[in-house]
Amino acid sequence: MHLQAAAVIVDVPARQTDRPFTYLINENLKDSVLPGMRVVVPFGRADRLIQGFVVQVFSPKTVPAKLKAIYAVQDIEPVLNNEMLELAQWLATRTFSFQIACFQAMLPNALRGKTKKQLVVTIPDQLAPEIVEFMAGKPAKIIDTKQLSPELLKKIHQEKSAGKIEIRYLVQATAKPRQEKIIIGQLTRTQALTKKQQQRSNAVQRQRLLAFLAEHYHQAISKSSLEKKLNLSAATLNRAADQGWLRMQERPLQRRAYDLDQITSTQPKKLSVQQATVYKQVAMAVESQAATTFLLEGVTGSGKTEVYLQLIAAALRQQRSALLLVPEISLTPQMVAQVVGRFGKQVALLHSGLSAGERLDEWRRIENDQAKVVVGARSAIFAPIKNLGIIIIDEEHESSYQQDNMPRYHARDVALWRSKFHHCPVVLGSATPALESRARAQKKVYHWLRLTQRINTKPLPEVSLIDMRHAAKVSRDSDFSPQLIAAIKQKLQQKEQIILLLNRRGYASFVMCRDCGFVLKCPNCDITLTLHKDQQVMKCHYCGHEEAIPHICPECGGQKIRYYGTGTQKVQEKLTKYFPTSRILRMDVDTTRKKGAHEKILAAFGAHQADILLGTQMIAKGLDYPDVTLVGVLNADTSLSLPDFRASEQTFQLLTQVSGRAGRAQKEGKVIIQTFNPQHYALQLAKKQDYERFYAFEMQLRHQGGYPPYYFTIQVAASAVVEKVALKALLQVAAELKTVLSPGAKILGPVPQMILKIKKRYRYQLIIKYKHEEQLNRYLQTLLERSQRQTDLQLDIVREPHNFI
DNA sequence: GCACATGCGTAT
DNA sequence: TACGCATGTGCC
């Protein structure tokens with residue numbers, strides 16, 4: 001007779017609850033609770049039921065009196081295997097995140113237990129009339145306290161303390177796979193044909209059905225698709241079932257993330273000499289199960305994708321699986337078709353376009369080994385794939401691989417961890433690697449591989465920089481230079497396609513009074529409100545605050561309050577004026593908000609239903625349209641002038657990438673970049689597509705400035721409603737750090753953050769720059785533990801922050 | 001994150 | 001002196 005207990009991480013994302021809680025395993029659940037399973041446990045004074053993850057099962061020697069018991073187990077098999085449990089723990093410490101946040105990041109959303117509250121009437125006598133009305137005669141009702149009026153909430157409180165009503169807690173059951181009805185033919189061919197003869201001539205539905213059954217003896221067919229195909233009524237099928245012609249059953253519906261019938265299979269292409277060299281080196285690591293990291297630096301059009309596909313094939317040949325990560329934005333139908341075309345139904349696809357159910361289905365296919373190749377965006381790095389033979393991260397420099405809320409992980413770091421766990425290589429591919437990665441290749445931490453030749457040996461497109469300081473004076477238009485107008489005109493005449501990029505990074509359209517200079521700001525946050533012309537409102541991008549567009553300046557009463565800056569809409573209006581007959585497609589956050597809108601726009605452009613594709617950053621990646629012969633960048637500088645040490649790097653990457661979109665096929669491409677800083681090295685080198693020189697130059701600057709990759713960085717951010725609280729806390733942290741850190745390390749700040757106030761809280765930060773610090777991690781962990789004791793203060797630690805400001 | 005306890009301010 | 005509300009505290 002030995003007791004069982006479980007250590008459970010509960011779904012309460014708070015610093016104070018970020019540790020295992022012990023629960024008793026009752027006799028009826030004995031031996032059916034395992035680490036990695038989801039459970040429902042009572043928590044807090046009111047014993048509200050919440051979801052938790054079992055991290056350990058053990059036999060306690062003594063039982064503390066106040067131990068509570070697990071209420072229910074949600075899984076038959078663990079949803080997190082040992083690898084994931086270990087990874088979550090590492091991730092939590094590495095990124096200073098809650099463990100529960102790590103678990104949830106690893107699982108499809110459908111597995112997340114949604115807790116609900118239920119209002120139950122226990123004594124109906126003399127109940128407050130408001131509550132009687134609210135319950136509408138029912139004994140129990142699900143409530144959402146956030147949606148109820150404060151008055152009703154007060155009444156509920158009163159009646160609860162009077163003991164007349166009760167609040168119960170529910171945890172939603174595990175998402176079940178959707179079922180579909182199927183029919184199975186029970187008639188042999190001859191039986192069916194005989195029966196068909198016997199039917200009245202006007203019984204057309206039955207005739208059609210029997211003809212079909214004659215050809216499908218004992219085969220399972222989805223009921224709904226059969227109804228559609230033969231145009232049958234449900235009654236006909238039910239009748240047929242009654243007569244024993246067919247049997248009806250249910251089976252779990254396999255929702256698929258892609259349609260295999262729509263994709264043509266492809267064969268491996270012959271590799272060029274360079275490609276083959278790269279392939280051989282990585283394939284060798286796959287075979288020898290070496291956890292080597294390769295940096296594959298390949299110019300646009302050098303055939304990286306084909307190398308990836310053949311490496312995946314090499315892993316499969318070794319009876320191992322493969323994981324391919326691509327930026328969400330380039331997870332286009334084109335891209336999917338390439339991988340699925342090569343590996344068929346072994347491919348599982350994970351991206352944001354899937355519904356929660358589809359995502360869960362794909363996840364299950366991976367978990368039970370039906371899928372051996374996983375393709376997906378950032379979070380796919382947590383796919384529960386076993387026996388990994390290779391991990392590939394395409395466009396490894398993309399900032400979308402970094403999640404910017406908890407857990408703030410970088411997919412690259414997780415990939416390296418899993419590579420060590422599975423003893424398999426990682427390939428980081430890019431035309432413009434992140435400086436950090438390129439520097440690691442330099443130091444031989446990564447194995448450096450290069451593809452310098454374009455696969456069709458075509459020259460790179462001709463790139464010209466247009467000096468807008470001059471052009472704007474001539475044409476009095478700061479969006480379109482005469483050169484760009486002329487080029488567009490020419491391409492339109494030749495019936496070729498054009499991509500125009502409006503660089504929106506570091507850029508906003510705001511409202512300013514031209515008399516007094518007043519700028520409209522958010523009342524909660526210290527930030528300029530952004531104009532949303534289509535919805536006719538001013539919006540705060542941080543807290544969502546909205547207000548009307550002012551027509552009279554609130555400061556001086558003047559009427560000259562106008563918006564500043566260029567949006568895609570404004571550019572589109574101008575384009576229509578210049579080229580009234582041209583067909584323009586616009587792609588930005590506004591036009592792609594709806595699910596699938598993204599794909600639709602790209603498909604329409606691909607089908608030549610438009611001449612010009614105008615868009616923001618999102619059009620720069622992975623698009624491959626043979627008829628695009630002109631790429632125009634309207635404003636290269638906005639991202640350059642950001643007060644961010646990565647501004648040049650990001651601008652260089654963007655320009656290099658977008659230039660690669662021109663002239664992918666036979667026709668020659670042309671790129672026009674408009675800028676106010678034509679001599680800037682990032683622009684000059686992007687023009688020449690010279691990554692290596694950019695790398696050398698930028699590294700020098702980073703060295704002088706003491707920036708990454710020469711230093712590691714950690715940001716400690718503090719926020720509080722009372723400004724002094726935040727500042728004081730960081731001053732103390734800075735003082736303590738001085739005793740913890742070695743003399744080589746530097747502390748910057750504390751300083752106010754660029755946006756000092758967000759959601760009524762003041763924000764300060766300090767940055768630690770260091771090379772090797774043994775004590776730092778431990779200090780920061782204890783700092784977080786300590787800070788929870790201080791009310792109002794919120795501390796947040798970010799490793800390698802992307803913004804210093 | 002949430003329920004309940006605590007402590008202060010205001011109406012009575 | 002009672003109640004209302006904001007702020008604080010601990011969760012197994």
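In what follows, every heavy atom counts, from backbone to side chain, and hydrogens, waters and symmetry copies are set aside. Numbers restart at 1 for each chain; the letters A, B, ... are given by sequence-line order, proteins then strands.
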| request: In whole angstrom, give the distance that lies between atom CZ of A:F21 and atom C1' of C:dG10. | output: 9 Å
| note | The single option from A:R761, A:R15, A:R408, A:R763 that satisfies salt bridge (charged side-chain N to carboxylate O under 4.0 Å, His left out) with A:D796 is A:R408
| query | Atom CG of A:L67 to atom P of C:dC11: distance rounded to whole Å? | reply | 13 Å
| said: By the 4.0 Å heavy-atom rule, please label A:Y23 as base, sugar-phosphate, or nothing. | reply: sugar-phosphate
| Distance from A:M106 atom CE to A:L111 atom CG, nearest 0.5 Å? | 13.5 Å
| said: I need the CZ-C1' distance between A:R45 and C:dG10, as an integer number of Å. | reply: 6 Å
| note | Residue pair A:G44/A:D792 against DNA chain C: nearer the 5' end by closest nucleotide is A:D792
| Relative to A:F96, does A:R94 satisfy both conditions: NZ or CZ under 6.0 angstrom from the six-membered ring centre, and within 45 degrees of the ring's axis? | no
| request: Kindly assign one of parallel, tilted or perpendicular to the pair A:F712 and A:Y770, based on the angle between their ring planes and the thresholds 30° and 60°. | output: tilted
| message | Classify the ring geometry of A:F382 against A:Y409: parallel below 30°, tilted from 30° to 60°, perpendicular beyond 60°. | response | perpendicular
| message | Within the 4.0 Å heavy-atom criterion, would you say A:P13 contacts the bases, only the backbone, or no part of the nucleic acid? | response | sugar-phosphate
| message | Is it the case that over 12 heavy atoms from other parts of the model lie below 6.0 angstrom from the CD atom of A:E133? | response | no
| request: Assign A:Y169 to base, sugar-phosphate, or nothing according to its heavy-atom contacts below 4.0 angstrom with the strands shown. | output: sugar-phosphate
| task | Report which part of the nucleic acid A:R15 touches: base, sugar-phosphate, or nothing (heavy-atom distance under 4.0 Å, all strands). | result | nothing
| How would you give the extent of chain A contacts on DNA chain B, as first and last nucleotide 5' to 3' within a 4.0 Å heavy-atom cut-off? | B:dG1 to B:dC4
